[in-house]
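I have placed the structure first, in the form of structure tokens, so that the comments after it can refer back to it.
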Amino acid sequence: MATPGSESIWLWLGTAGMTLGTLFFIARGWGVKDEKEQRFYIITIFITTIASAAYFSMATGFGLTQVEVGTQVLDIYWARYADWLFTTPLLLLDLALLAGANRNTIYTLVGLDVFMIGTGLAGAFASSAPARIAWWAISTVALLFLLYFLVEALSEAAKTQTESVRKLTNTLRNMIIVLWLAYPVVWILGTEGTVGFLPLYVETAAFMVLDLTAKVGFGVVLLRSHSILEEAGQTT
Ligand code: RET
């Protein structure tokens, strides 16, 4: 088993941040009685719980492996993909339920998302540099389709919602667009892209900040108002 290097500081910080986020959401959601509102708490608490386990696995070295690409040996944190495979669909579900999106919209978003993470994982394990870049490109195309669909379908769904729900939907959607687009950039510039423009230490810090903002930051914004969540649309 490979052992984490100096980047482990960021992985421990990520573990702590995700755990604190989880405890905060549990404490905040404790007295919530409204069923619709409870759904958002349940989903969001699972998101940070999964992430804190994933970060713990990376900090302790279990979530780390090595992949040979030509003469290079890359340290690959596979646990990221396990985390993202479950948590990114849950983030989309949070937002889709808020917007009152229908099932077809949810299935499309989740399908594209799972495809994006799956092809990203293939890229992380591919043993030739051109194959890694090809997988990255496929995954990035899926992300672009996903974001396009997010804007189209969610704006449509949110039209039937109250003003405050619509505003919150737009804020969270914009957070997703900005934050999620940064992931392929960090990946290709980081060690995974084999060019190593960003050393593992910097890459790990960047992913940690992105993950905390995209999960805990997203959750704080979503769960800020009890009344808005009670107004949120019911899916069919
Ligand atoms: C990968 C591989 C390269 C291409 C693309 C990727 C996209 C990853 C994304 C991850 C989002 C993660 C979130 C985590 C929250 O904590 C897999 C890096 C497009 C968008 C939001």
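Counting starts at 1 for both ligands and their atoms, following the listed order.
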Could you tell me which atoms of ligand 1, counted from 1 in the order shown, lie closer than 4.0 angstrom to a heavy atom of [X]?
| X | result |
| --- | --- |
| Gly120 | 2 (C) |
| Thr140 | 4 (C), 19 (C) |
| Asp211 | 14 (C), 15 (C), 16 (O) |
| Met116 | 9 (C), 20 (C) |

In the protein, what heavy atom is nearest to [atom], and what distance, to one decimal place, separates them?
| atom | answer |
| --- | --- |
| atom 3 (C) of ligand 1 | Trp136 CD1, 3.4 Å |
| atom 16 (O) of ligand 1 | Lys215 NZ, 2.2 Å |
| atom 18 (C) of ligand 1 | Trp187 CD1, 3.5 Å |
| atom 8 (C) of ligand 1 | Tyr183 CB, 3.6 Å |
| atom 21 (C) of ligand 1 | Trp180 NE1, 3.2 Å |

(request) Taking all non-hydrogen atoms of both residues into account, name the closest pair between Ala126 and Val69 and its distance. (result)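 Nearest heavy atoms, Ala126 then Val69: O-CG2, 3.8 Å.
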
(request) Search all heavy atoms of Thr191 against all heavy atoms of Asp75 and return the closest pair with its distance. (result)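 What the structure gives for the nearest pair is OG1-O, 4.3 Å.
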
(request) Would you please indicate yes or no on a ring centroid separation below 6.0 angstrom for Phe125 and Trp78? (result)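 Aromatic pair excluded; centres sit 6.0 Å or further apart.
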
(message) For the 3.5 Å polar cut-off, considering only N or O atoms, please tell me whether Ser139 and ligand 1 meet it.
(response)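 No, there is no polar N/O contact under 3.5 Å.
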
(message) Check this for me, if you would: do Asp83 and Lys215 make a salt bridge, where the nitrogen-to-carboxylate-oxygen distance has to be below 4.0 angstrom?
(response)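 Between Lys215 and Asp83 there is a salt bridge, with a charged N closer than 4.0 Å to a carboxylate O.
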
[X], portion touching ligand 1 at heavy-atom distance under 4.0 Å:
| X | answer |
| --- | --- |
| Trp84 | side chain |
| Ala214 | side chain |
| Thr88 | side chain |

(request) Could you check whether the rings of Trp84 and Tyr183 sit parallel, tilted or perpendicular, using 30° and 60° as the cut-offs? (result)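 Rings of Trp84 and Tyr183: perpendicular, over 60°.
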
Is it the case that [X] and [Y] place a side-chain donor and acceptor less than 3.5 Å from each other?
| X | Y | answer |
| --- | --- | --- |
| Thr194 | Gln72 | no |
| Asn102 | Thr105 | yes |
| Ser155 | Arg173 | yes |

(message) Would you say that Val209 contacts Trp10 through its side chain, given a criterion of any heavy-atom pair below 4.5 Å between the two side chains?
(response)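 Answer no - side chains too far apart.
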
(message) Just to check, does Thr87 reach to within less than 4.0 Å of ligand 1 when the distance is taken from its heavy atoms?
(response)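 It does not, in that no heavy atom of Thr87 comes within the 4.0 Å cut-off of ligand 1.
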
